[in-house]
Amino acid sequence: MVRLTPIGPDNWREELCVREDQRHFVSDPNRILARAYAYREQRSQARLILDGDTPVGMLMWYDYPEQERYVFSQLLIDQRYQGRGLGGQAARLALDEMRTDGRYPKVVLCYITGNKSARTLYEKLGFRPMGEPDGDENIMVLDQL
């Protein structure tokens, strides 16, 4: 059973990484934690993804009050656990937390051009493209949480 748990002093050192060919698409865990810290004034939320008691990934989001939306900033599933649907389950749980929080009706995210797995996942979750790419970043929005 997949669940999310806040990242804190007891679990921030988990060894997680994606495959070599995915590294230009996804930040490593230390960068994700640095981003969570940088966005702490925007109520950043960093979560460890667990399958049972096994750490399998990490994700984060934060508030973007100027545009009344959340930014789903990061999603990483360790290479050992990919292909099992864990990323989709974890993303749904994160979206549920945003819904429960209820501050904003929308969620925005981006994925790097060429990351077909991310695009497919986000489309399944109901995200749609939002205009033209910004360089190699493709922005998507979920209009109604």
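Computation of the quantities below employed the complete heavy-atom set of this structure, encompassing side-chain atoms and omitting hydrogens, waters and symmetry-equivalent molecules.
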Answer yes or no: does atom [atom1] of [X] have more than 12 heavy-atom neighbours from other residues, nucleotides or ligands under 6.0 Å?
{"X": "Gln67", "atom1": "CD", "value": "yes"}
{"X": "Glu66", "atom1": "CD", "value": "yes"}
{"X": "Arg43", "atom1": "CZ", "value": "yes"}
{"X": "Arg40", "atom1": "CZ", "value": "yes"}

Heavy-atom pair with the smallest gap, counting every atom of [X] and [Y]:
{"X": "Ser73", "Y": "Tyr62", "result": "CB-CE2, 3.7 Å"}
{"X": "Tyr81", "Y": "Pro55", "result": "CE1-O, 3.8 Å"}
{"X": "Leu145", "Y": "Tyr104", "result": "CD1-O, 3.5 Å"}
{"X": "Lys106", "Y": "Asp143", "result": "CG-O, 3.2 Å"}
{"X": "Arg84", "Y": "Gln89", "result": "O-NE2, 4.1 Å"}
{"X": "Ile32", "Y": "Met58", "result": "CG2-SD, 3.6 Å"}

Would you say the side-chain atoms of [X] pair up with the backbone N or O of [Y], donor to acceptor, closer than 3.5 Å?
{"X": "Gln22", "Y": "Arg19", "value": "yes"}
{"X": "Asp63", "Y": "Pro65", "value": "no"}
{"X": "Asn11", "Y": "Pro6", "value": "yes"}
{"X": "Asn138", "Y": "Cys110", "value": "no"}
{"X": "Gln82", "Y": "Ile77", "value": "yes"}
{"X": "Arg92", "Y": "Gly88", "value": "yes"}

Hydrophobic clustering (ILVMFWY, side-chain heavy atoms < 4.5 Å, transitive) - are [Y] and [X] grouped together?
{"X": "Tyr111", "Y": "Phe25", "answer": "no"}
{"X": "Leu76", "Y": "Leu33", "answer": "yes"}
{"X": "Val18", "Y": "Ile7", "answer": "yes"}
{"X": "Trp12", "Y": "Leu75", "answer": "no"}
{"X": "Met60", "Y": "Val107", "answer": "no"}

Is there a side-chain contact between [X] and [Y] in this structure, where contact means two heavy atoms from C-beta onward sitting under 4.5 Å apart?
{"X": "Met98", "Y": "Leu95", "result": "yes"}
{"X": "Leu16", "Y": "Leu48", "result": "yes"}
{"X": "Cys17", "Y": "Arg23", "result": "yes"}
{"X": "Leu142", "Y": "Leu125", "result": "no"}
{"X": "Leu4", "Y": "Ile49", "result": "yes"}

Is Arg99 paired with Asp96 through a side-chain N to carboxylate O contact shorter than 4.0 Å?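 Here Asp96 pairs with Arg99 in a salt bridge, since their nearest N and O are under 4.0 Å apart.
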I'd like to know if Arg3 and Asp53 make a salt bridge, using a cut-off of under 4.0 Å between side-chain N and carboxylate O.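 Judged by the 4.0 Å cut-off on N to carboxylate O distance, Arg3 and Asp53 do form a salt bridge.
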Between CZ on residue Arg128 and CD1 on residue Ile139, distance to nearest 0.5 Å: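 Between atom CZ of Arg128 and atom CD1 of Ile139 there are 12.0 Å.
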Reported CG-to-CG distance for the pair Asn115 and Leu121, which is rounded to 0.5 angstrom: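 Asn115 CG to Leu121 CG: 9.5 Å, rounded to 0.5 Å.
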Give me the ring orientation class for Phe72 and Trp61: parallel if the planes are under 30° apart, tilted from 30 to 60°, perpendicular past 60°.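 The arrangement is perpendicular - the two ring planes meet at more than 60°.
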Going through the checks in order, is the side chain to side chain donor-acceptor pair (under 3.5 Å) test met by Arg35 and Ser27? CA-CA 10 Å; Arg35 181 171 285 196; Ser27 293; 5.3 Å; no
Go through the steps for Tyr70 and Asp101 under the test side-chain contact (heavy atoms from CB on, under 4.5 Å), then give the verdict. CA-CA 10 Å; Tyr70 299 97; Asp101 179 63; 2.5 Å; yes
Assess whether side-chain contact (heavy atoms from CB on, under 4.5 Å) is satisfied between Gln74 and Leu59, documenting all intermediate values. CA-CA 5 Å; Gln74 303 291 318; Leu59 57 74; 5.6 Å; no
Pair Met140-Glu123, side-chain contact (heavy atoms from CB on, under 4.5 Å): steps then yes or no: CA-CA 9 Å; Met140 300 183 86; Glu123 287 173 346; 3.8 Å; yes
Checking side-chain contact (heavy atoms from CB on, under 4.5 Å) for the pair Val108/Val71: CA distance, chi angles, key distance, verdict? CA-CA 5 Å; Val108 69; Val71 176; 3.8 Å; yes
